[in-house]
Amino acid sequence: MPPTFVESLIAGGAAGTAVDLLFFPIDTLKTRLQSAQGFTHAGGFKGIYKGIGSVVVGSAPGAAAFFCTYDTMKKTLPFPDHLAPVKHVVSASLGEIAACLIRVPTEVIKTRMQTSSYGTGLSSFAAARILWTNDGLKGFYRGFGITVMREIPFTSLQFPLYELLKLRLSGALGRKPLHAHEAAICGSIAGGFSAAVTTPLDVLKTRVMLDMRVYSLPPSQDPTLPSPSLLSRFRTIYVEEGTRALFAGVAPRTMWISAGGAVFLGVYEWVAGGLMSSRHDTEK
């Protein structure tokens with residue numbers, strides 16, 4: 001019995017909020033390791049909760065948008081059973097695009113707060129006002145393209161692997177559905193592997209969101225230097241900083257998403273399962 005739209009909405013919101021708040025310090029360290037200014041200048045180990053305000057605002061809506069889209073697409077896409085992995089990839093990719101419409105603005109504010117791009121002592125709301133004044137709406141979606149480019153490969157690996165692990169574990173245990181902690185283990189393995197493989201895209205995303213060279217100029221100045229392309233940025237990082245820079249933060253990213261994947265998918269399955277059980281009892 002699949003969850004309804006509302007059940008996916010509630011479970012997704014709870015899962016997103018739980019994981020983002022619980023593992024925020026690790027995400028801060030990862031962002032600072034990836035920043036062009038270097039870990040120490042970006043803040044080091046100080047103020048590891050800077051930017052958490054934007055996460056509080058965006059976590060639940062972003063995760064809810066993902067799961068509502070993902071579960072709806074899984075039920076409606078006309079793929080035969082033997083193409084189930086393809087259906088999961090397409091469903092998860094569409095879910096990520098929907099989530100990024102909400103997630104990217106809060107991500108821009110979060111990364112700039114984590115690295116003190118607007119100085120110290122500011123709230124997330126104050127940072128949002130500065131961003132709006134300097135760049136307008138487009139500033140909140142800086143890095144939208146590379147975020148989608150990061151999330152789709154990540155999700156295309158994570159969710160088919162997650163569904164496969166759940167299927168194999170269900171077969172081994174001889175029952176379905178799995179308990180929340182069992183689904184959490186599957187989510188942890190799938191998330192950790194996918195996070196490590198897609199770290200270079202995450203580094204690129206962080207650099208784009210933190211680059212304010214063009215968009216922070218006063219309106220009276222007409223910038224003639226175009227924003228570098230993603231390929232150009234990637235090549236610059238590789239040539240000037242080496243392969244190691246492309247995998248900066250891979251350890252905290254893998255640890256965060258591996259543990260976060262367990263919490264995220266475990267909480268989702270737990271909340272969704274509880275809601276479905278309540279609905280089933282009510283319908284009796």
Side-chain angles (χ1 to χ4, degrees), residues 1-16 19 58-104 141 144-171 175-180 182-195 197-198 201 205 257 260-280 283:
M1 179 176 62
T4 64
F5 180 86
V6 174
E7 289 166 349
S8 294
L9 186 76
I10 295 171
V19 72
S59 288
F66 171 81
F67 274 112
C68 287
T69 305
Y70 178 66
D71 284 333
T72 301
M73 291 298 101
K74 275 204 307 181
K75 288 184 286 187
T76 57
L77 288 175
F79 286 97
D81 290 342
H82 69 278
L83 291 179
V86 177
K87 180 165 69 173
H88 294 148
V89 167
V90 174
S91 300
S93 298
L94 292 173
E96 286 296 352
I97 293 172
C100 282
L101 292 171
I102 299 170
R103 187 184 300 148
V104 168
Y141 284 93
F144 179 82
I146 182 56
T147 304
V148 172
M149 287 175 61
R150 178 197 68 174
E151 294 296 347
I152 289 180
F154 173 80
T155 305
S156 297
L157 289 170
Q158 183 191 30
F159 274 84
L161 180 57
Y162 171 60
E163 299 286 358
L164 176 63
L165 290 172
K166 284 202 303 179
L167 182 65
R168 293 293 176 86
L169 186 56
S170 292
R175 57 178 168 79
K176 193 175 181 181
L178 296 173
H179 297 311
E182 295 164 344
I185 294 171
C186 297
S188 178
I189 297 171
F193 173 77
S194 305
V197 172
T198 57
L201 294 174
K205 186 273 302 179
I257 295 182
V263 174
F264 186 67
L265 295 169
V267 169
Y268 176 79
E269 297 284 355
W270 177 65
V271 175
L275 292 171
M276 286 189 291
S277 295
S278 298
R279 172 162 57 90
H280 182 66
E283 291 173 352

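These values consider heavy atoms only, across backbone and side chains, with no hydrogens, waters or symmetry-generated copies.
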Show the nearest heavy-atom pair for residues [X] and [Y], with the distance to one decimal.
X      : Y      : answer
Glu7   : Leu275 : OE2-O, 3.5 Å
Ala272 : Ala11  : N-CB, 3.7 Å
Ala190 : Leu165 : N-CD1, 4.3 Å
Val271 : Ala14  : CG2-CB, 4.2 Å
Asp71  : Ser8   : OD2-OG, 2.6 Å
Gly95  : Phe66  : C-CD1, 3.3 Å

Spacing of [atom1] belonging to [X] relative to [atom2] belonging to [Y], to within rounding of 0.5 Å:
X      : Y      : atom1 : atom2 : result
Lys205 : Thr147 : NZ    : OG1   : 6.0 Å
Leu169 : Ile185 : CG    : CD1   : 7.5 Å
Leu77  : Thr72  : CG    : OG1   : 10.0 Å
Met73  : Ser93  : CE    : OG    : 12.5 Å

With [X] via side-chain hydrogen bond (donor to acceptor under 3.5 Å, both in side chains) - residues at least two apart:
X      : answer
Lys87  : none
Glu182 : Arg175
Ser194 : none

*In chain order, what residues pass the side-chain contact (heavy atoms from CB on, under 4.5 Å) check against Val19, with sequence neighbours excluded?*
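For Val19 the side-chain contact (heavy atoms from CB on, under 4.5 Å) partners, ignoring immediate neighbours, are Phe23, Val263, Phe264.
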_I'd like to check Phe144 versus Leu101 (side-chain heavy atoms, cut-off strictly below 4.5 Å). Are they in contact?_
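Result yes, sub-4.5 Å side-chain heavy-atom pair found.
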*Is there any salt bridge (charged side-chain N to carboxylate O under 4.0 Å, His left out) pair reaching into residues 155-171, and which pairs are they, with sequence neighbours excluded?*
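Every pair satisfying salt bridge (charged side-chain N to carboxylate O under 4.0 Å, His left out) with a residue in residues 155-171: Lys74-Glu163, Glu163-Lys166, Lys166-Glu269.
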List the atom pairs, donor and acceptor, that lie under 3.5 Å between side-chain atoms in residues 151-159 and the rest of the protein, sequence neighbours left out.
| from | atom 1 | to | atom 2 | distance (Å) |
| --- | --- | --- | --- | --- |
| Thr155 | OG1 | Glu96 | OE2 | 2.9 |
| Thr155 | OG1 | Glu151 | O | 2.7 |
| Ser156 | OG | Ile152 | O | 2.6 |

*Are more than 12 heavy atoms from other residues, nucleotides or ligands located less than 6.0 Å from atom CZ of Phe193?*
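Check fails, neighbour count at 12 or below.
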